[in-house]
Amino acid sequence: MPHSGVVDAAAKGVKLGGGGGGALMVRRVASGKLLSASSHLLFRATILATLCLVCLFTVHYPSLLSHSFHLSSAAAAAAAANGKHRAASRSSHRSLLGSSAAVAYGGAAWEKEVRRSAAPRRDGGLSVLVTGAAGFVGAHCSLALRARGDGVVGLDNFNSYYDPSLKRARQRLLASRGVAVLDADINDAALLERLFDAARFTHVLHLAAQAGVRYAMRAPQTYVASNVAGLVSVFEVAAKHADPQPAIVWASSSSVYGLNTDAPFSEEHRTDRPASLYAATKKAGEAIAHAYNHIYGLSITGLRFFTVYGPWGRPDMAYFSFARSIVAGEPITLFRTADGADARRDFTYIDDVVKGCLGALDTAGESTGTKSGKKRGPAPLRVYNLGNTSPVPVTRMVAILEKLLGRKANKRVVTMPSNGDVPFTHANVSHAARDFGYRPATSLDAGLRRFVDWFVHYYKLDTAKIAKGKRKSMAMSAAS
């Protein structure tokens with residue numbers, strides 16, 4: 001059942017009454033009939049207009065979806081070298097081939113591979129479809145699920161929001177552990193239906209999304225295509241095609257708290273004032289989840305992540321991009337609020353987040369709907385914060401990176417722009433602690449040390465040269 005305050009109250013209906021007699025009654029009856037006829041006409045016009053909009057969206061959707069493959073400016077330096085690879089990725093997405101093995105999706109070999117990867121290796125194990133499996137959190141969760149004996153099939157479109165080579169490296173790591181990651185998109189309903197025909201997934205861990213706050217100002221359509229339409233696509237196949245329906249755990253975001261100033265952020269706090277389009281799409285996702293839970297009986301759990309960091313992380317995140325800039329001898333930009341305070345974030349280490357994700361899966365409860373559309377009763381609808389509960393100034397994070405890399409950063413401090421960033425985040429995780437024992441245990445010092453160890457190894461860096469101030473080209477070659 002949802003926590004109090006999480007789901008917005010439904011609009012209240014108003015019942016009108018009347019009275020009178022004689023001619024006045026006749027006039028009222030005639031007026032009522034006229035109003036009823038008008039209402040029917042208005043309803044039909046509304047339905048017609050909605051159908052027209054759906055048709056227009058269907059016709060133009062490919063151009064909307066194509067925006068998700070545009071390269072962000074942060075990755076522009078690598079565009080020329082990776083252009084051929086990205087073209088191949090787009091082609092494989094459109095033709096929906098099965099990742100590196102180039103097995104046509106839907107064929108006998110493809111179905112056999114899906115069933116093999118989806119099969120649990122322990123009694124009572126889960127069978128989980130992980131969307132966004134080649135992403136940061138998706139890769140770590142897939143590895144953890146497989147390590148404990150659960151069946152896992154991954155899906156990712158390998159878009160170029162950041163360097164796809166990092167996603168491919170995660171895919172290879174997953175393949176080495178027996179996890180198949182398919183090269184496809186969540187908006188392809190036929191693919192999702194084939195997946196559920198091939199394997200009886202007990203759970204979906206839906207992590208695929210267009211990430212980033214600032215990028216939404218340049219490519220807003222990608223957020224609608226991925227975070228809204230993509231979420232609906234997953235819910236649709238789970239509600240209407242899968243048999244039995246799986247339980248769904250999906251990634252919302254701490255960004256939904258927006259302009260909320262109460263701290264620490266609690267699931268009972270307001271989430272109706274998003275500060276960015278990214279946050280608005282995640283808030284929309286929580287409302288959509290309520291609808292699918294209510295109508296179709298899907299068991300749905302939303303997880304609001306707070307600034308996740310660690311090995312195999314996202315290059316667009318501050319800690320990662322700062323590490324790259326420090327190594328390269330390039331300046332970094334730090335934000336301060338209008339009153340001069342440092343921006344603060346509730347940095348949450350990836351291992352802690354993975355434990356929260358698996359805890360949410362294990363306690364999700366069953367869906368209660370059927371393909372026929374009938375529900376056996378209410379299904380669980382939950383939302384949880386997954387944070388570290390200890391906000392840290394971003395300047396402190398930079399100081400730790402400087403110590404670990406042995407080199408000072410060239411800092412540029414500016415006032416925080418009005419681009420969707422918020423001054424601070426701070427998680428209250430009491431609900432997650434109560435319901436599935438979530439207790440973050442990794443300090444920022446320890447977590448960043450593990451990240452830097454991976455960072456140095458992955459990019460084959462010589463820390464002694466970095467400490468001596470020698471610039472390192474950031475067209476860095478990654479370890480295979």
Side-chain angles (χ1 to χ4, degrees), residues 65-79 81-102 117 129-146 152-177 179-188 191 205-212 215 219 222 225-227 230 251 305 308-317 319-321 324 350 353-354 451 454-455 457-459 474-480:
L65 189 60
S66 67
H67 284 286
S68 65
F69 302 105
H70 290 172
L71 186 66
S72 69
S73 59
N82 292 319
K84 184 179 294 184
H85 171 73
R86 287 197 305 276
S89 293
R90 285 193 291 269
S91 175
S92 63
H93 163 243
R94 292 302 183 190
S95 61
L96 297 172
L97 299 183
S99 67
S100 59
S117 192
L129 174 63
V130 180
T131 70
F136 174 33
V137 179
H140 278 276
C141 286
S142 297
L143 289 170
L145 288 166
R146 175 56 85 184
V152 183
V153 174
L155 184 153
D156 205 291
N157 70 2
F158 296 91
N159 70 31
S160 52
Y161 168 64
Y162 61 81
D163 185 5
S165 68
L166 181 56
K167 302 175 186 180
R168 293 295 179 184
R170 298 186 190 120
Q171 182 189 31
R172 291 192 295 272
L173 176 61
L174 289 168
S176 71
R177 309 293 173 82
V179 177
V181 179
L182 308 180
D183 204 338
D185 193 274
I186 55 174
N187 281 292
D188 191 291
L191 170 77
L205 181 57
H206 177 52
L207 302 173
Q210 176 58 61
Y215 187 58
T222 66
S226 294
N227 302 357
F305 296 151
V308 187
Y309 74 100
W312 293 99
R314 278 173 33 205
D316 63 308
M317 296 289 285
Y319 72 96
F320 202 126
S321 65
R324 291 173 68 101
I350 183 61
V353 167
V354 168
F451 162 71
W454 168 84
F455 180 79
H457 171 75
Y458 183 79
Y459 289 110
M474 294 315 290
M476 298 185 294
S477 61
S480 59

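When reading the values below, keep in mind they use all heavy atoms of this one structure, side chains included, and skip hydrogens, waters and symmetry mates.
In terms of heavy-atom proximity, Arg146 sits nearest to Arg177 at CG-O, 3.3 Å. The two residues Met317 and Val308 make their nearest non-hydrogen contact at CE-O, 3.7 Å. Heavy-atom minimum distance, Gly313 versus Phe320: O-CE1, 3.5 Å. Closest approach of Gln210 and Tyr215 over heavy atoms only: NE2-CD2, 3.6 Å. For Leu174 against Ser142, the heavy-atom pair with the smallest separation is CD2-CB, 3.6 Å. Taking all atoms of both residues into account, the shortest heavy-atom contact from Ala208 to Gly132 is CB-N, 3.5 Å.
Side chains of Asp316 and Ser321 form no contact here, defined as non-hydrogen atoms less than 4.5 Å apart. Side-chain contact between Ile186 and His206 is present, with at least one heavy-atom pair separated by less than 4.5 Å.
A salt bridge links Asp183 with Arg168: the distance from a Lys NZ or Arg NE/NH1/NH2 to an Asp or Glu carboxylate oxygen falls below 4.0 Å.
Ring orientation note: the planes of Trp454 and Trp312 are tilted relative to one another, at an angle of 30° to 60°.
Aromatic pair Phe451/Tyr309: centroids not less than 6.0 angstrom apart.
Of the possible polar contacts, one joining the His140 side chain to the Pro311 backbone as a donor-acceptor pair under 3.5 Å is found. Side chain of Asp163 to backbone of Leu166: no donor-acceptor contact under 3.5 angstrom is found. Put simply, the side chain of Ser117 never gets that close to the backbone of Val179: no donor and acceptor are under 3.5 Å apart. Thr131 places no side-chain N or O within donor-acceptor distance of the main-chain N or O of Leu155, the cut-off being under 3.5 Å.
Remark: of the listed residues Val181, Leu205, Val137, Asp156, Leu205 is the sole one forming a side chain to side chain contact (heavy atoms under 4.5 Å, CB included) with Val130. Put simply, the residue from Ile350, Leu207, Val353 that forms a side chain to side chain contact (heavy atoms under 4.5 Å, CB included) with Phe136 is Ile350.
Both cation-pi conditions hold for Lys167 and Tyr162: the charged atom is under 6.0 angstrom from the six-membered ring centre and inside a 45 degree cone around its axis. The side-chain tip of Arg324 does not point at the ring of Phe455 from less than 6.0 angstrom away and within 45° of straight on.
The distance from the CG atom of Asn157 to the CG atom of Asn187 is 9.0 Å, given to the nearest 0.5 Å.
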